[in-house]
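Here the structure comes first, spelled out in structure tokens, and everything after it is commentary.
Residue numbers begin at 1 in each chain, while the letters A, B, ... track the order of the sequences.
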Amino acid sequence: MLANIFITVLVITGINGLLALILVIAEHFLASYGECQVLINNEKSVQVNGGSTLLSTLNSQKIFLPSACGGRGTCGYCKCKVTDGGGPLLPTELPLLNESEISQQIRLSCQLKVKRDIKIEIPEELFNIKEYEAEVALLKPLTHDIKLLRLKLVQPDKIKFKPGQYVQLQSEPYHGIKERVSRAYSIASASTQTDSIDLIIRLVPEGICTTWVHRYLKEGDRAKFTGPMGDFCLHEGEGEIIMIAGSSGMAPMVSLLHHIDYQKIQRKIHYFFGAVTRKDLFYLDEMEQFQKKIPQFKFVPALSNPEPQDKWQGETGLITISLENYLKTIDTKEVQAYLCGSPGMIQACIKIFKNYGVTQDRIYFDPFA
Amino acid sequence: MQSLSPWVLFFASIFTGNILLTYFLGMCSFLSVSKQIKTALGLGLAVTFVLTITAAINHVVYFQILEPLKIEYLRYIVFIITIAATVQFIEMFIERYSETLYLNLGIFLPLITVNCAILGVSLFMVIRRYTFVQSVFFGAGSGLGWLLAILAMAGIRERLNEKKIPPALHGPGIALIITGIMAMAFIGFSGMVQIQ
């Protein structure tokens, strides 16, 4: 009996060991392609050991393409553009690529192996998502419950983002709160300014991260964030741009306006900003500046419930009313809508846009807002 | 079985004892990769190739190692391991030395590591106590039989694309019905020779 067990173990181990040995030797001699260079987006190049799939090669370089199936070639999320050195298209890629993708040299990175120097293009935002360490350069109140947080980048010291994108700010443990949480905030500064970012953060009652920013964070402190992320950005088009925001939803619009100003975009822009009273309004000087620099830009703040001492002369009532009154007067055929604010406000505005013929594909909003 | 000519065994395993249509082994890849003749041909060739080689290797392992040591009950696990390792090795080899062969055949290899037809052939050869030469012919024949079945299936399915099929039968439904009819048609060969 004991001998039997012994022989069994020995045989299995022996066979396994032998096969493993053969495979290791084969791997060493057959599957090694030496050092290969991966050139990403024509700017970053990395040296890698050839032989494994592009997906896992990139992963080992901390560049993460999305993949849901774990590299088995069934989900198609890991597509990327390979402009040189990809070798012929594999039959295992074909079911997941359509003709236009094939003609654009899109490949399935989990199937394609790196065997020689290779040139690839991946969406900037994937390539770009990093963890940043920054220093609080400025933390000033904009209204009674909104603060401007300026983060000066320390490591890495430069950020590249598309206007409208957001970052995830990580809160540190503070009084009574032991966990770290990450919350998304849109970048409110110009994308041309690469060494620091501005965030506009409203104090949410009981909010872990916003309480941390408002009550505990001080100028000179260190803070961490990851990003940039998101696809809320200015879309191509000729028609009028209608922006709608409330409260801290101001942030991505500021970044978009910087971009519009910098690029000298000539499209007409109407920006409705909703608030309750005069004391909820902020960045009025900045908006004034933008109106001077961009002649075709108009900023329309609307107060839903102005107090008597506000002596408010502008638009009064819910933002939806101002929007509707304006949409009545224009041709909405090519209008693009950009929204950021509370979900209730966004839903109400989308409804009005649709009533006036602005189709869903021309309405853009940040899903987390 | 010692007396059976390898050639008889070869043709018998293609037609009368078709591994897929008589024993219904290797169905998963048969159903999923039979949409185009070209890919079906690639997969079929890969199966044939691997079947022939693993039948030979497993024959040696079983009759030279497992049986003399009286540990035949380990055959399942040992066969699976040798098949997996062999497939892996062949894949690496082809990938390195022939890009065209790899494109047409090699990429299917990982798919068939766990194909039950491959394990089935090794087990049949043991149960029926084939000689080494018989095993190799049996493996090759079974592979070609599988290739024949998947090619026929792919041909039919390509033509089905243009035909009206009841919505409920789309995909695997109609494929299984066709497989059944093909299996019945192959019974027609069974008068020629029987291998058990």
Exercise. Side chain, backbone, both or neither: which part of Thr86(B) has an atom under 4.5 Å from a heavy atom of chain A?
Worked result: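 Contact with chain A is absent: no heavy atom of Thr86(B) under 4.5 Å.
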For this session: Select one option (side chain, backbone, both, neither) describing which atoms of Leu74(B) are under 4.5 Å from chain A's heavy atoms.
Result: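 Side chain only.
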Problem set entry | Spatial distance of atom CD1 (Ile15(A)) from atom CD1 (Ile65(B)) [nearest 0.5 Å] |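 CD1 of Ile65(B) is found 4.5 Å from CD1 of Ile15(A).
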Problem set entry | Nearest-0.5 Å distance, CD1 of residue Ile71(B) to CD1 of residue Ile7(A) |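 With rounding to 0.5 Å, CD1 (Ile71(B)) is 7.0 Å from CD1 (Ile7(A)).
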For atom [atom1] of [X], is the number of surrounding heavy atoms from other residues, nucleotides or ligands below 6.0 Å larger than 12?
X	atom1	answer
Lys163(B)	NZ	yes
Phe93(B)	CZ	no
Phe29(A)	CZ	no
Leu169(B)	CG	yes
Gln47(A)	CD	yes

For this session: Over all heavy atoms of both residues, which pair between Glu91(B) and Lys113(A) is shortest? Give the atoms and the distance, please.
Result: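 Reported closest heavy-atom pair: OE2-NZ, 4.2 Å.
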For this session: Measure across Leu23(A) and Phe89(B) and return the closest heavy-atom pair with its distance rounded to 0.1 Å.
Result: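 The answer is CD2-N, 3.8 Å.
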For this session: For each of Ile22(A), Leu19(A), Leu94(A), tally heavy-atom pairs with chain B at distances under 4.5 Å, and name the one with the top tally.
Result: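 Among Ile22(A), Leu19(A), Leu94(A), the one with the most close pairs to chain B is Leu19(A).
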